[in-house]
Amino acid sequence: MITEAANTPEEGFHIAEAGGVLTIDLDAIAANWRFLRQKISGSECSAVVKANAYGLGIEKVVPALAAAGCRTFFVALLSEGIRVRKLLPDATIYVLNGLFPGTAETYIAHNLRPVLNSMPEVSEWAAFSKGQNALFPAALHVDTGMTRLGLSIAEAIAMKGGKLAASFECSLLMSHFTSSEEPSHPTHRRQIEAFQRAREAFPDTPASMANSSGIFLPQTPHYDLVRPGYALYGGNPLPDEANPMRPVVRLEGRIVQIRSVEAGTKAGYNNRWSANKKARLATISIGYFDGYPRSASATDLKKKAGIPSGSAIVAGQLCPFAGNISMDLTIIDITDVDPKAAAPGDLVTLIGDELSIDRVGENAGTIGYEILTNLGQRYYRRYIGEAV
Ligand SMILES: *Cc1c(COP(=O)(O)O)cnc(C)c1O
């Protein structure tokens, strides 16, 4: 089943008018969640849907995950939590970025749980709970090495048996890996040891540590609940191995025009690319405004230095970019494509098949996470799958 959603058709824009087509496979997201759940049998598999479900749309992704059986969700912000609550009256929803001062009442109004990331947040939640004569649930985040958010292990241990800990319901004790996508990184052992010390202070509280890649670590730090995000959306949790996840996103860009150029012809802003032989170039209607990073531009200098740049797939053929990516346009070199196989109006693949989100990230000098979460807002968005 296919629905033409998001910015279509309400705004009345037809697929033929779109510079790019973004297809999101909700069945693949559900299958990825089921795959992870089966892998961690014994603990609970939640879903991280922060950043608008990694850019793919909370309103579409969350119901698909709930239909697959997911009951616990993590978002970054209160506003995202409220969106998830509107979709799922009964789910458990945690807000990772924590309790911003003065927001406790809104949490309770929407039955959301903050992840308490500092002692002032713990104090505010405890005081609010006490004032309402209730034990409101919240997660406690301990810092085991990220140095970003979370109580120190000493602070967590000091709470043991004290007034603060008795003033609210600590429903989850969590920490976060710094480097789980590098299975042999020495920090995992240290982080797990530190987390273990915090767990001893909260022996009856469910625990959670693993993100997508964490689920695959040989130490299997699954505890009571895992928190995958990226892998649900098709990202590879094992960068050095074949991706076990199903791809979720396909991005296609439309060819606007095709031209033949002589050897030595320069192309794009600042003329940073030149044809080393007679070539055929296609200009496609996607640029950095659409979230395709300009850092994937193809220049002579980068080529000489062996730095990767972006490419597209045209009629099954990998075609390198040519020149700087513009705001709304990108030039690609289709010299090796059968001239009958590409014409203005055709769609070429920018994400999909061998161009995984991870590969596109590498080609832009970044990570697949950033590619996914930056996907632009003016694509013709199409959701596919039974879950639609
Ligand atoms: C984003 C996030 C996750 C999910 O991480 P992925 O690598 O996308 O699986 C899990 N836990 C916390 C605390 C996060 O911030």
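Numbering of ligands and ligand atoms starts at 1, following listing order.
At most 12 heavy atoms of other shown residues, nucleotides or ligands fall within 6.0 angstrom of atom NZ in K303.
Between the side chains of S274 and D300, a donor-acceptor pair is found at a separation under 3.5 Å. In this model, no donor atom of one side chain and acceptor atom of the other lie less than 3.5 Å apart for N117 and R148. Q191 and S175 share no side-chain donor-acceptor pair at under 3.5 Å.
Looking only at protein heavy atoms, the nearest one to atom 10 (C) of ligand 1 is R227 O, 3.4 Å. In terms of protein heavy-atom proximity, atom 5 (O) of ligand 1 is closest to N211 CB, 3.4 Å. With hydrogens left out, the protein atom closest to atom 9 (O) of ligand 1 is S212 OG, 2.5 Å, a heavy atom. Given atom 8 (O) of ligand 1, the protein heavy atom at minimum distance is Y54 OH, 2.5 Å.
Ligand-side atoms of ligand 1 in range of G229: 4 (C), 6 (P), 8 (O), 9 (O), range being under 4.0 angstrom from any heavy atom. Short contacts between ligand 1 and L96, defined as distances under 4.0 Å to a heavy atom of the residue, involve ligand atoms 13 (C), 14 (C), 15 (O). Every atom of ligand 1 is numbered from 1 in the order shown, and the set under 4.0 Å from a heavy atom of R148 is 15 (O).
Look at P228 and you'll find a heavy atom under 4.0 Å from some atom of ligand 1.
A salt bridge does not link D25 to R382: none of the charged side-chain nitrogens sits closer than 4.0 Å to a carboxylate oxygen. In summary, R71 and E44 do not engage in a salt bridge, as defined by a charged side-chain N under 4.0 Å from a carboxylate O. No salt bridge links R280 with D336; every basic N to acidic carboxylate O contact stays at or beyond 4.0 Å.
Across F74, Y230, Y369, heavy-atom proximity to atom 7 (O) of ligand 1 is greatest for Y369. Checking M209, K50, H176 against atom 2 (C) of ligand 1, the nearest heavy atom belongs to K50.
Close placement of the Y230 and Y369 rings is indicated, their centers lying within 6.0 Å of each other.
Note: no N/O pair closer than 3.5 Å links M174 and ligand 1 by distance alone.
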